[in-house]
Amino acid sequence: MALELKPRNKSIFAGGNLLQYKPIDRFMRSRWFPGIIQWPTLILFMVIMFQLLLGPESAHDNLGTALTWVLWWPIIPIIFLFLGRFWCAICPFATINDLVQKFVGNNRPVPKFLKKYGIWIIDALFIFITWSDHVWGVVENPFGSGILMLTLTTGVIASGSFFERRTFCRHVCFLGGLSGNYARTGMLALRGTPEICATCTIAACYKGTEKAPGCPLFEFPKTMDSNANCVICADCIKNCPNDSIQLTVRPPTKELWFVRKPKMEEAFLSAVIMGIVFVQNVTMLEVWSSMLKWLENAVGTTNYAITFSITFAIAIIIPVALLGLTSWFASKFNKVSLVENFTRFGYAIIALDVAAHIAHNLFHLLAEGKSIFYTALALFGQEVHGASPALVSMETIQILQFGLIGLGFIGSLYAAYRIAKSSHPNGKAWTTFAPYAVLMVILTAMNIYLFILPMAMRM
Amino acid sequence: MKQILYASSILLFVITAIFANPVPVSASEGDGGDGLEMEVNGYHVTLDSQNEWVKGENILVVTVTDSMGMPLSDVDVEILVAPKADGHDETETDSHDSAPQDSMSGMDMGGEPTQETGVMRPNNPSDAPAHDEESANPIAMTESEHGMYIVQTHLEATGEHDVHVMFHVDGEMLQADFVVKVTGSNSKNIVLWSFAAVNVALVAAAGVLKKQKSITVKGGK
């Protein structure tokens with residue numbers, strides 16, 4: 001009976017369940033999933049680690065650098081957009097966590113402070129890692145990148161050794177925080193069927209069965225209404241005795257249109273990410289050197305850590321302050337507090353965040369993509385001299401970048417409109433929306449201006 | 001299936017650990033293992049570094065003996081060390097305004113109008129440029145013992161280096177050319193072993209706790 005409640009005959013483009021297709025259903029339920037993707041990823045990760053830590057010291061010649069910063073980092077936001085947080089299901093750090101947990105795991109409950117302040121910790125870590133990359137050099141230094149990976153490895157080993165499930169991924173991983181936000185724009189959504197889950201009392205999806213462990217990220221599909229902490233590992237699909245879980249395709253950014261329990265720290269992170277994209281681009285301006293010189297004179301020190309920290313703080317403060325100012329302005333119309341507006345509408349920026357992030361990294365992927373092959377060939381003694389690493393021309397990349405920013409703008413604008421409409425159905429929707437529309441125009445214009453300027457390469 | 005996967009992953013870890021043994025490889029040395037050796041016009045020249053050719057400060061030692069094996073004393077010995085011209089200049093300048101493309105061989109980065117600034121790490125004009133070893137002049141060596149000449153030098157880069165030892169005998173300048181491989185500093189090894197130690201300690205502690213827990217549970221029953 002329960003099966004009949006599922007929208008089996010709906011097209012996937014109309015929100016139909018992907019699991020109605022036998023091959024997909026069989027694959028997701030298979031014991032090979034997600035291992036068949038997870039284990040090769042772990043092997044590749046080991047190669048990357050070996051290269052980063054013990055391979056060529058020059059980023060230009062290091063396959064680990066190429067695979068990490070030219071391939072993986074640029075494609076990861078694209079994965080979030082299409083597959084939600086699926087990367088986290090096959091992430092090598094998560095695999096190491098599971099491996100350690102299997103043999104020596106103590107499975108202690110998550111510390112309360114992590115539950116309470118986890119996202120703020122992620123926010124702080126994300127800011128710190130970006131700052132340290134600029135000040136100490138991580139991307140351009142293979143060993144530095146290797147140390148970052150080793151630090152994360154130590155984190156997951158500690159977490160897997162003492163705490164239950166994937167505590168690190170849910171409450172500490174900076175990439176997890178980023179992916180949680182980005183996955184909200186994702187086109188793939190996993191949910192329980194409300195009618196079926198309403199009658200369920202066993203919660204096998206959460207607790208686990210002999211078929212598969214419980215949700216690694218402590219989610220309960222019965223009540224889950226967000227992609228933020230679903231890694232689509234399919235454990236719940238395997239565990240559910242009622243066949244309640246659905247995997248559906250939805251329009252990108254749909255989840256941003258209405259967030260049931262918006263959180264200040266997540267809204268803050270979305271503004272911070274915009275600031276980080278700014279700082280990545282600002283440091284490539286032609287006037288950057290003279291800006292830095294001016295700053296050195298102004299603060300009386302040539303210490304780069306200090307001058308960059310000031311620049312970094314300003315870049316982060318700008319979008320946070322703009323969102324705050326807009327929220328204050330909107331509060332004059334909708335009579336809702338600044339904090340509530342900030343928290344609710346901060347999510348609308350995520351679409352532009354994702355677009356700007358992809359656009360920024362598209363340059364590295366397309367202008368340096370061939371360096372992956374060149375560095376791989378170098379492992380076998382085949383040196384490539386004088387060849388361009390570009391996959392497409394600069395003009396093509398810029399067109400794609402502007403196109404992406406345009407799509408991000410539409411996504412953010414529409415999300416702001418939908419949030420205004422759903423939170424103020426009593427006629428104040430347009431007056432609430434208007435200030436945020438202006439904010440999106442400003443943020444988009446800033447991004448476009450920065451993308452007009454030429455970029456430096458990673459390799 | 002899972003058991004096979006776990007076993008193979010452990011095997012991979014072990015293999016990686018074996019191959020990742022971060023012991024620096026010093027310059028390829030002669031039969032004696034104490035230094036590089038070369039014959040020049042009947043003179044035997046050996047070259048060695050007291051610091052095993054690690055990036056940073058190095059004390060280079062050159063000995064010159066004649067065909068009879070007698071040390072050659074009171075001669076002018078000079079040395080020139082430069083990153084190998086066709087090799088990889090892997091200078092770790094830590095300079096924010098260093099252009100990665102410039103310091104590396106091989107790829108033309110597309111000829112696009114790129115600025116020489118960092119993407120994830122911006123340029124910092126205040127940083128001093130790295131010492132250009134290729135433009136350095138030969139350094140005169142000091143005779144420390146009979147036929148043994150030393151000099152202290154700073155090697156800025158890792159990778160292959162050309163080392164030219166020049167010495168004057170009977171008004172004639174003779175030159176011995178060596179190629180050495182300069183490796184990274186030992187601090188890397190310390191960092192790597194520290195990580196390894198911390199991770200092993202974590203796993204060991206967790207293992208002990210788990211064992212104690214299982215004993216307690218069994219005892220409780």
Side-chain angles (χ1 to χ4, degrees), chain A residues 31 35 39 42-43 46 49-50 53-54 56-61 99-100 102-106 133-134 137-141 143 147 150 153-154 157-158 161-162 280 283-284 286 288-289 292-293 296 302 304 308 364 367 371 374 383-390 394 454-459, chain B residues 1-2 5-6 8-10 12-13 15-16 19-20 22 88-92 94 96-101 103-127 157-159 184 188 191-192 195 198-199 202-207 209-210 213:
Chain A
R31 61 180 181 170
W39 293 97
L42 181 65
I43 292 166
M46 287 175 174
M49 284 289 274
F50 186 85
L53 295 169
L54 301 157
E57 290 187 18
S58 151
H60 183 263
D61 302 323
L99 204 59
V100 170
K102 183 178 171 63
F103 291 106
V104 296
N106 284 264
D133 168 42
H134 279 258
V138 172
V139 172
E140 290 162 15
N141 176 0
F143 192 72
I147 292 300
L150 274 181
T153 305
T154 306
I157 286 177
S161 296
F162 300 105
Q280 307 289 35
T283 50
M284 285 181 281
E286 280 180 7
W288 172 238
S289 295
L292 207 57
K293 210 78 187 158
E296 284 172 358
T302 55
Y304 185 70
F308 176 73
H364 300 294
S371 61
Y374 299 156
E383 297 280 341
V384 179
H385 297 282
S388 165
M394 229 4 245
M455 290 174 74
M457 303 207 186
R458 278 185 182 147
M459 295 293 288
Chain B
M1 180 60 209
K2 277 197 170 177
L5 283 173
Y6 284 128
S8 55
S9 61
I10 289 166
L12 266 168
F13 269 125
I15 292 167
T16 309
F19 283 103
H88 294 268
D89 176 6
E90 296 168 347
T91 307
E92 269 190 313
D94 287 334
H96 295 281
D97 59 349
S98 67
Q101 301 92 307
S103 62
M104 296 154 202
S105 64
M107 299 173 210
D108 164 23
M109 301 312 267
E112 300 295 347
T114 58
Q115 289 169 244
E116 305 305 351
T117 56
V119 175
M120 301 296 283
R121 190 172 58 135
N123 59 337
N124 178 5
S126 62
D127 283 353
T158 58
K188 275 190 177 180
V191 170
L192 293 178
F195 268 105
V198 168
N199 286 322
L202 283 169
V203 172
L209 281 172
K210 191 180 182 182
K213 207 167 134 184

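Heavy-atom basis, side chains included; hydrogens, waters and symmetry copies ignored. Residue numbering restarts at 1 for every chain, and letters A, B, ... go by the order of the sequence lines. These figures come from a predicted structure and were not determined experimentally.
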Minimal heavy-atom distance between A:F162 and B:A205, with the atoms involved, is CZ-CB, 4.2 Å
Checking side-chain contact (heavy atoms from CB on, under 4.5 Å) for the pair B:V191/A:L150: CA distance, chi angles, key distance, verdict? CA-CA 10 Å; B:V191 170; A:L150 274 181; 5.6 Å; no
Quick one: closest heavy-atom pair of A:N106 and B:K210, and the distance? OD1-N, 3.3 Å
Go through the atoms of B:V198 and report whether side chain, backbone, both or neither lie under 4.5 Å from a heavy atom of chain A. side chain
As a test of understanding, state which of A:T153, A:L53, A:T154 forms a side-chain contact (heavy atoms from CB on, under 4.5 Å) with B:F195. A:T154
Are the side chains of A:V104 and B:L202 in contact, using a 4.5 Å heavy-atom criterion? no
With the side chain counted from C-beta on, respond yes when A:F103 and B:V203 share a heavy-atom pair under 4.5 Å apart, and no when they do not. no
